Every structure is written in C-alpha cells, then in structure tokens.
2 protein chains.
Amino acid sequence: MNNNRFSVSLHILTLLATAGDELLSSEYIAGSININPVLVRKELSNLRKHGMIETREGKAGGSILAKPAKQILLSDVYTAVRQVPLLGQNKNEPNPSCPVGKQINKHLDDLYTDVEKTLMQKLGKTSLFDFVKQFK
Amino acid sequence: MNNNRFSVSLHILTLLATAGDELLSSEYIAGSININPVLVRKELSNLRKHGMIETREGKAGGSILAKPAKQILLSDVYTAVRQVPLLGQNKNEPNPSCPVGKQINKHLDDLYTDVEKTLMQKLGKTSLFDFVKQFK
DNA sequence: TGTACTGTAATATTATTTGTTACAGTATGA
DNA sequence: TCATACTGTAACAAATAATATTACAGTACA
C-alpha cells in the first residue's frame, strides 16, 4: 500500500467522531483534508460497505458514524483500505528450475501473513475513540 | 512501500546464503528472480551500502554475504528498502483552519512511527538463517 | 419543483515503479 | 597486454498505480 487511503479514511472518521450527531457533507470533509470531494465519496462508500459509517442522501444529507467510536478499531480501518499485503504483493514469477525460486513465493507469503497478523494485533489495541481523544 | 523491493532483496539474500562462499553474478540472480539484471545490481548496491553483502568487480566477480546469515535480521532488510512509512506517507496538506486538519498529521505520524516500531520488533525476531532453513 | 446533497462511471492527469540501453570501470587469465 | 566477463550507474522509456476531474443520474427536503 503506497497510497494515502488509510490516512484519508482515518481523517474522515476523526471528523465524524468529533461532529457527534451532525451530518457532514463530502464537500466539507474534502475541505478539511484538502482533496477532491469525489475521492472522499469513494472512501465514504468503502467505509459504509465496512459498516463504519452511515449516509443520508438528498438535500441536507451527509455522513455520520454508524457506531460509537469506541467500537471502531484502527485494525478495522486497515482492513477496509487494505488491498495488497504489507511488504509487497509478490508479483514476481521466479524461475521454477531454481531451487530457491521454486519455493520462495510460498515462504514470502507465509512471512507476510505472519507480519500482517502482528500489525492487526497492534492496530486492534487502539480505537477511533482513543485516537480522537488526543485532539485538543 | 508498494513495491517489490523487500521481496527482491530477500530473494537475493536467500540465494547468497545458499551459495555459501561462491560468488553469484547479477545475471544469475536475475535469472532466478526473473527480473532485469540492472534492477538486481541496484538492489545489490543498496544491500552493500547497508553492509549486508560484498561484491567483487571484474571478470569472475559477483556478490557474497558480508556476514553470517544468523547476523542478518529481516528488520535489517526492511530498513534497507524502506522509503516511506508503512501506512502512508502523509502527503496531504490538510486545512489548517480546521481543528482536526490542523493537528491530524502529527497524530498520524506518531501512530505510524509506533506501528513501524512494532513491525521492526517482529521482523527482528527472524534472521536470514531462520528464513533460509525453511528451504528444502 | 428547485436546491443541495450523494453515487458512480468515465476519463485525464500525475506520480511511481519497473525495465532497458548504453557505456565506463575493474579484475582475470591466456 | 588485451579480450573477456563481470560490476556500477546514468539516462531514458514503458508500464502501472494513484489521484483528480467532469459529468450526470438519483434522492430527499422545504
């Protein structure tokens, strides 16, 4: 993951958490992050799919957290934006006639799976509530 | 890091570890990984800079581990290829007039630093020797 | 029924990663 | 001493991925 999606998603969730029961528009959120509103709507769409937010359409519409910030873990955010394994997506096709090449992808996959499990455990210790309460 | 450099570097080191005191050419290594020899030389150059390998130039030249595989940790490999923080490089420039936007980059940086520390601890538990001994 | 939103497709732009070509430098050994 | 087989690295090209933009249909409110 070389993109900014984790940062963007966490920024969105932080804004929603501090907004309480007020609906925030994608325009407003985009203004805080300083990116395009369509990108925000795409991330909102993804967060909604993962059950973290709810959206009301139409005039005076906008988004809101779907559950208390204490119940949203940073590992949930990571899962929502994750596309490829952390350390590389193993797109190499090593030479199968080389004893190392033949086996390495399996061992790399095992390693990456293991490392990501550690990452998830770490991120699972912090909730959105914990993250947001640092803001003063 | 959305690239393949960790995989490539670990593949190179695995080959060198199994080659013992034999020098391996970039051409040979590239053949096992199935990528361009120049890319291999670039990674070799980086690994050399980080003290993990040594290279002999000229005819019959090639590369070899600079120290025992037990003394090369996967965290060393990560450090060598790392360019940007794990979860995003925070290239956003949030709106400073928004209370969340004003502070979020600092909190994201803190979080990413903390998470990477955990990753390093995890990777530091496995040496190149441990990784290579899985190969049969 | 106009207005202010959302959702999403399609496309364009920009950035990053990977691959290639080219060539100078170095050590070996016939 | 010179052909050979390597390395090192710069410069450029191509491919891929991330981000931004435009456009427009759908929805709900007042």
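Residue numbers start from 1 in every chain, and the chains themselves are labelled A, B, ... in the order their sequence lines are given, proteins ahead of strands. What you are looking at is a predicted structure, and each value in this text was computed from that prediction instead of being measured.
For N36(B), a side-chain nitrogen or oxygen approaches OP1 or OP2 of dT20(C) to under 4.0 Å.
For the pair R41(A) CZ and dA9(C) P, the interatomic distance rounds to 13 Å; values are reported in whole Å. Between the CG atom of L39(A) and the C1' atom of dA12(C) there is a distance of 13 Å, rounded to whole Å. Here the P atom of nucleotide dA15(C) and the CG atom of N4(A) are 14 Å apart, to the nearest Å.
With values rounded to the nearest 0.5 angstrom, M52(A) atom CE is found 11.5 Å from L16(A) atom CG. Here the NZ-CE distance, from K125(A) to M120(A), works out to 13.0 Å after rounding to the nearest 0.5 Å. How far CD of Q121(B) is from CD of E116(B): 12.0 Å, rounded to the nearest 0.5 Å.
Remark: the backbone N or O of I12(A) is not paired with any side-chain donor or acceptor of E43(A) at under 3.5 angstrom. Side-chain N or O atoms of S9(A) include none that pairs as donor or acceptor with a backbone N or O of F6(A) at under 3.5 Å.
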Let me check something: any side-chain donor-acceptor pairs from residues 19-32 of chain A under 3.5 Å, sequence neighbours excluded? List them with distances.
residue	atom	partner	partner atom	Å
S25(A)	OG	Y28(A)	N	3.1
S26(A)	OG	R41(A)	NH1	3.2
S32(A)	OG	H11(A)	NE2	2.9

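D110(A) and T113(A) form no side-chain donor-acceptor contact under 3.5 Å, judged by distance and modelled atom types alone.
DNA chain D is contacted by K42(A), E57(A), G58(A), K59(A) of residues 42-67 of chain A, taking any non-hydrogen atom closer than 4.0 Å. Contact check of residues 8-31 of chain B against DNA chain C (heavy atom, cut-off under 4.0 Å) returns no residues at all.
A salt bridge is defined here as a Lys NZ or Arg NE, NH1 or NH2 lying under 4.0 Å from an Asp or Glu carboxylate O, and D114(A) with K122(B) meets this definition.
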